[in-house]
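Worksheet: the structure to be examined is printed underneath.
Lettering of chains follows the sequences in order, A, B, ..., and the numbering in each one begins at 1. Below, each value reflects all heavy atoms present in this structure, side chains not excepted, and no hydrogens, waters or symmetry copies.
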There are 2 protein chains.
Amino acid sequence: MAAADDNGRPLAPLLRKLIALGPVSQADAAAVESLPLTLREYPPGQEIVRERDRPTQGCILLSGMCCRFKIVGDGARQINSFHVPGDMPDLQSLLLHQMDHGLLTLTRVRLALVPHPTLMQLVENHPRLGFLLWRDTLIDGSLFREWMCSIGRRTARVRVAHLLCELFLRYRNVGLAEDMTMPFHLTQTHLGDALGLSVVHVNRVMKSLRRDGVIGIASRRLTILDRPGLARIGDFDDAYLHLTPGS
Amino acid sequence: MAAADDNGRPLAPLLRKLIALGPVSQADAAAVESLPLTLREYPPGQEIVRERDRPTQGCILLSGMCCRFKIVGDGARQINSFHVPGDMPDLQSLLLHQMDHGLLTLTRVRLALVPHPTLMQLVENHPRLGFLLWRDTLIDGSLFREWMCSIGRRTARVRVAHLLCELFLRYRNVGLAEDMTMPFHLTQTHLGDALGLSVVHVNRVMKSLRRDGVIGIASRRLTILDRPGLARIGDFDDAYLHLTPGS
DNA sequence: CGACCTTTTGATATTTATCAAGTAGCGTGG
DNA sequence: CCACGCTACTTGATAAATATCAAAAGGTCG
């Protein structure tokens, strides 16, 4: 469905996202669609941008999943965020020139590159788009705060359930969930690095959630079998996602 | 020093901060200084803004310290950030109308309130200021990510040392540190809620840092006795603070 | 068919939380 | 100026959650 509509309009996921952030005029939408793009593909496990890099282009995720992460002193990894199509995971490099984290692909990924000067002109000539992207940055921060709460104050089982609820809503928001099912390419190592847990412990929690009939995993897709149950286990309230522009 | 210069110019801390974010023209600075303000004072432990509120004004912290926080399902608190004078701790409510967290004073606090419509006009008429505030939002996010790393992947001792290094640089950046000393009004409960630790454990770590001669605390001020040592213990690299506008 | 990742399981070790008191500091009112 | 009461700090003992180590079992892809 989405794929068919998007033919020849690679930025459709971005536009969809912008519209979800707030009303976009015809002129603004046209300006976005006429951005000069470089399309690229990456295999899974590729570092697109490294900490300390100074990118000269911004990227828009078109398909697949990637994450932002940092490596701490003893070599451990903390994943800071996961990204779904439509996201601009390194938008910050437009205004903060040195990267304080890396960007890694988790699946095969398609993305569009746009030079920073072009992006800068876009937001200068279309202030409304600037506000929407600023709002996106703020929502980004809201997710970080919620993740901090999970990692700092929730038990392992709650953390895992909470993250699954979040991912489901974010996939659904960009039209990539079907019914109660979403793409699920994360390894348990990724989950552990995102949630501040060891792989072994993630494994035990996932097993228990499956045993309890709350979720099911098959062929790279995750199905939520009991959504109220999962939300209850995960102490989940979606307000922090700010999915409705009016709030 | 600062206090004397600031007489009758309450927004001096904000201007100082904006200039630290990047060059500010005379006209832009004048626009900031002529903002219509409501000055207010709060005692310690006061909730200035609550989760789910819809503020109609933005606030600028002039003196004292406050924090953003959330309460999770079982009643535990996670502090997301600490704020020093010059910060606009609820800037996000300008673009994201419903609060996803609360704002709490930790000391007696002076702050300036500015109506949202006035702020909106300011950034519309002075796009440069908008970019600087957007950049501030991005730095905010960078701190959240670093805190996530601490909470998720660093041991208690490293976390505490890391936070102390951060606070020192941020105080120094707004001219509130003297030599190796900074104001220190945080209770160990606050530290625990910020770092995802129990009070008892924070207490033990603080004791060990004092015993090791790395820090000293006296009359609400903290002195770093061995800065390289504290940075080493805390796995601290200041790049994530983005203190130099050029990067 | 293998090589390589990922998942799974069991056993054990560590870190950190919790519980329970006791102590010290500090502001307030007599 | 001192006593009182509150809060924050400190300490010890024990418990719980989670990490680590080691190894086997399953999948997947060339």
Side-chain angles (χ1 to χ4, degrees), chain A residues 43-46 65 72 74-79 104-108 150-163 184-211 215-222 233 235, chain B residues 43-46 65 67 72-79 104-108 150-163 184-211 215-222 233 235:
Chain A
Q46 186 97 358
M65 179 172 249
V72 301
D74 65 354
R77 178 173 67 176
Q78 176 67 49
I79 290 178
L104 178 77
T105 62
L106 300 178
T107 64
R108 170 155 288 275
S150 280
I151 299 171
R153 289 301 190 209
R154 292 184 173 120
T155 65
R157 184 176 164 91
V158 182
R159 276 182 237 186
V160 171
H162 190 282
L163 176 60
F184 196 74
H185 295 266
L186 298 174
T187 68
Q188 296 183 349
T189 303
H190 295 142
L191 289 173
D193 286 347
L195 298 170
L197 296 169
S198 70
V199 204
V200 173
H201 207 64
V202 168
N203 182 271
R204 293 187 165 126
V205 170
M206 291 293 281
K207 182 176 63 167
S208 89
L209 290 175
R210 270 174 298 166
R211 175 180 36 75
I215 60 170
I217 298 180
S219 58
R220 302 268 157 101
R221 294 189 72 83
L222 186 146
I233 293 168
D235 182 27
Chain B
Q46 186 96 359
M65 180 172 247
C67 71
V72 302
D74 64 355
R77 177 173 69 176
Q78 176 67 47
I79 290 177
L104 178 77
T105 63
L106 300 177
T107 65
R108 170 155 286 276
S150 281
I151 300 172
R153 289 299 189 210
R154 291 183 173 122
T155 65
R157 183 176 164 89
V158 182
R159 276 182 236 184
V160 172
H162 190 282
L163 176 60
F184 195 73
H185 296 265
L186 298 174
T187 67
Q188 295 183 350
T189 303
H190 296 141
L191 290 173
D193 286 348
L195 298 170
L197 296 169
S198 70
V199 204
V200 173
H201 207 64
V202 168
N203 182 272
R204 293 186 167 126
V205 171
M206 291 293 280
K207 182 176 65 165
S208 89
L209 290 175
R210 272 175 296 166
R211 176 179 37 74
I215 60 170
I217 298 180
S219 59
R220 302 267 158 102
R221 293 189 71 82
L222 186 146
I233 294 168
D235 182 26

- [ ] Using whole Å, report how far CD1 of I217(A) lies from C1' of dT6(C).
- [x] 12 Å

Task: DNA chain D: 5'-proximal contact among T155(A) and S219(A) (nearest heavy atom) - done: T155(A)

Open item on the list: Students often get this wrong, so: under 4.0 angstrom with heavy atoms, is V199(B) touching a base, only sugar-phosphate, or nothing?
Closed with: nothing

Task: Rounded interatomic separation in angstrom, taking CZ from R153(B) and P from dT15(C) - done: 16 Å

Open item on the list: Just to be sure I understand the rule, does S198(A) reach a base, reach only the sugar-phosphate, or reach nothing, if contact means heavy atoms closer than 4.0 Å?
Closed with: base

Task: d(NE2, H201(B); C1', dC19(C)) in whole Å - done: 16 Å

Open item on the list: Between P on dA17(D) and CG on L197(A), what's the gap in Å once rounded to a whole number?
Closed with: 14 Å

- [ ] Scan G196(B) against the nucleic acid and name what it touches under 4.0 Å (heavy atoms): base, sugar-phosphate only, or nothing.
- [x] sugar-phosphate

TODO: Answer whether the closest heavy-atom distance between the side chains of T107(B) and R220(B) falls below 4.5 Å.
DONE: no

Task: Atom pair distance, as rounded to whole Å: NE2 in H185(A) and P in dC29(D) - done: 11 Å

Task: Side-chain heavy-atom pair Q188(A), V202(A) within 4.5 angstrom cut-off - done: yes

TODO: For H190(A) and dT6(C), give me the distance from atom NE2 to atom P, rounded to whole Å.
DONE: 7 Å

TODO: Ignoring backbone atoms, establish whether N203(A) has a side-chain N or O less than 4.0 Å from OP1 or OP2 of dT8(C).
DONE: yes

Open item on the list: Using OP1 and OP2 only, check whether a side-chain N or O of R210(A) sits under 4.0 Å from dT8(C).
Closed with: yes

Task: T187(A), nearest nucleotide to its side chain (from dA22(D), dT7(C), dT16(C)) - done: dT7(C)

Open item on the list: Can you measure R108(A) atom CZ to dC29(D) atom C1' for me and round it to whole angstrom units?
Closed with: 14 Å

- [ ] Between dT18(D), dA13(D), dT16(C), spot the one nearest the side chain of R204(B), thanks.
- [x] dA13(D)

Task: 5′-ward residue of the pair R220(B)/R154(B) relative to DNA chain C - done: R154(B)

Task: Residue among R159(A), R157(A), R154(A) satisfying salt bridge (Lys or Arg N to Asp or Glu O under 4.0 Å) with D235(A) - done: R154(A)

- [ ] Might you point out which heavy atoms bring A194(A) and Q78(A) nearest each other, and give the distance in Å?
- [x] O-NE2, 3.1 Å

- [ ] Answer yes or no: does a side-chain N or O of Q188(B) lie under 4.0 Å from OP1 or OP2 of dT10(D)?
- [x] yes

Task: N/O donor-acceptor pair under 3.5 Å between R153(A) side chain and L197(B) backbone - done: yes

- [ ] Choose from dT11(D), dT6(C), dT16(C) the nucleotide whose nearest atom is closest to any side-chain atom of K207(B).
- [x] dT11(D)

- [ ] Could you check how far CG of L195(B) sits from C1' of dT15(C), rounded to whole Å?
- [x] 15 Å

